[in-house]
Amino acid sequence: MQLYSTNNKNLKVSLKDAVMQSLAPDKGLYMPEVIPVLPSGFIADLDAFTFQEIAYEVSHALIGDYISSVDLRRIIDEAINFDAPVTMLNDQIGALELWHGPSLAFKDFGARFMAALMSYFIQGENKKLTILVATSGDTGGAVASGFYKIPGIEVIILYPSGKVSDLQEKQLTTLGENITALEIKGTFDDCQSMVKEAFLDAGLNQKYHLSSANSINISRLIPQSFYYFEAWKQVRKFGKDVVFSVPSGNFGNLTAGLMARKMGLPVKRFIAATNINKIVPDYLQSGVYKPKPSVSTISNAMDVGNPSNFTRILDLYNQDHAAITKDIEGFYLDDNGTRDAMKDAYKRYGYICDPHGAIGYQSLCHIGQNELGLFLETAHPAKFLDTVQETLGMHITVPEALASLANKSKKAVMMRSDYKDFQDYMMQR
Ligand SMILES: *Cc1c(COP(=O)(O)O)cnc(C)c1O
């Protein structure tokens with residue numbers, strides 16, 4: 001199985017090239033040439049498999065051509081070393097909690113799997129790999145923790161000064177070792193454009209073996225398909241048709257769900273849940289895809305005006321709008337609606353949603369009699385402490401992994417939002 005670019009199906013590369021390049025040279029996104037259907041016996045027997053075994057079976061079917069079984073098992077055991085439990089709120093609605101990893105957001109799955117794969121692919125190479133990543137919050141923390149102390153790889157994180165939460169900043173700036181944080185006096189877009197420019201910089205590419213850890217990398221999507229199988233396994237006993245509601249920004253998570261379905265997982269339908277950056281819900285209604293500048297909301301990880309993985313969804317459905325709308329329903333809430341949803345989940349079920357998961361929760365309030373809805377709870381509510389405490393009017397306990405960061409000291413290099421400064425820094429270090 002090779003991977004092709006969504007801009008040109010004849011442009012095909014190996015898994016290693018797709019993972020190392022992230023973006024195809026023609027700016028398309030890589031997709032697996034074949035999405036294999038898993039044996040029906042596997043689905044029927046899913047209960048007999050642990051989460052790690054499911055992850056192995058799914059990834060082996062997808063990328064087993066490139067990695068031996070022994071190595072793939074090791075990669076899975078290293079990367080997917082925490083659970084994805086479903087908490088049922090009643091007998092029809094459940095939360096698929098994806099925040100049990102080290103940075104307390106679902107991005108740990110993608111970041112850890114990518115780190116393990118890259119580390120595998122650079123074995124035997126003598127040039128150190130330097131990962132550049134721009135973050136608006138959650139990605140940086142997951143990537144920092146995923147790549148921490150991995151031999152042969154260093155990570156340089158660019159984040160916008162004053163625009164990430166205190167806890168998010170601590171996650172980026174307190175590890176040290178092979179993780180360096182650059183605090184940019186600018187916006188997330190400035191950070192992103194500096195990273196983009198670096199990839200085109202001949203001098204930097206001479207000095208460094210550069211790669212990127214952004215969410216369009218196919219190695220971040222693959223592990224996100226695992227937990228759809230794991231969740232389905234946990235709720236099959238209810239005997240209902242399973243619906244997944246996916247709080248979405250760049251639409252990587254939803255794309256991974258659609259891939260799981262293509263691999264044979266019996267999912268009835270998906271809900272694309274967004275905040276008022278509702279580009280995809282609008283597309284589902286009108287058939288017209290119209291990117292817009294993003295608007296800030298309390299579910300900031302979904303403040304995306306031109307979702308990068310949307311092109312993968314179009315590709316999976318051969319651009320067929322009717323087919324897409326058959327499988328995916330759109331839903332969105334503004335900030336007030338999001339706060340009401342958080343209050344409702346707490347009042348009815350005593351369940352504390354983060355602002356992203358809350359939109360998924362609310363989208364399930366009208367599901368059918370014979371349906372069972374799971375919303376993806378994409379981050380621990382304590383990551384959005386102020387919003388959650390203000391909305392619910394109560395104190396939230398911060399998990400030890402986050403609380404202990406408060407006492408660690410921040411180490412970051414302050415920098416103007418000017419490519420020249422970044423270039424000088426990189427050439428001199
Ligand atoms: C990144 C993120 C999302 C959006 O996920 P996509 O795969 O980009 O659609 C939703 N919620 C949280 C908490 C996130 O960190």
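Atoms within each ligand, like the ligands themselves, are counted from 1 in listed order.
- When the side-chain hydrogen bond (donor to acceptor under 3.5 Å, both in side chains) test is applied to Y120, no partner is found at least two apart in sequence or on another chain.
- Contacts of ligand 1 (protein heavy-atom distance under 4.0 Å) are F106, K107, D138, P247, S248, G249, N250, F251, G252, N253, A301, M302, H356, T378, A379.
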Would you sort out whether S145 and Q171 count as a side-chain hydrogen bond (donor to acceptor under 3.5 Å, both in side chains), showing the intermediate values? CA-CA 8 Å; S145 130; Q171 288 185 321; over 6 Å; no

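- A salt bridge does not link E390 with R339: every distance from a Lys NZ or Arg NE/NH1/NH2 to an Asp or Glu carboxylate oxygen is 4.0 Å or more.
- Heavy-atom minimum distance, D91 versus F238: O-CD2, 4.2 Å.
- The side-chain hydrogen bond (donor to acceptor under 3.5 Å, both in side chains) search around N217 returns S22, S219, not counting sequence neighbours.
- Annotation: side chain to side chain contact (heavy atoms under 4.5 Å, CB included) contacts of N370 (sequence neighbours excluded): K240, D241.
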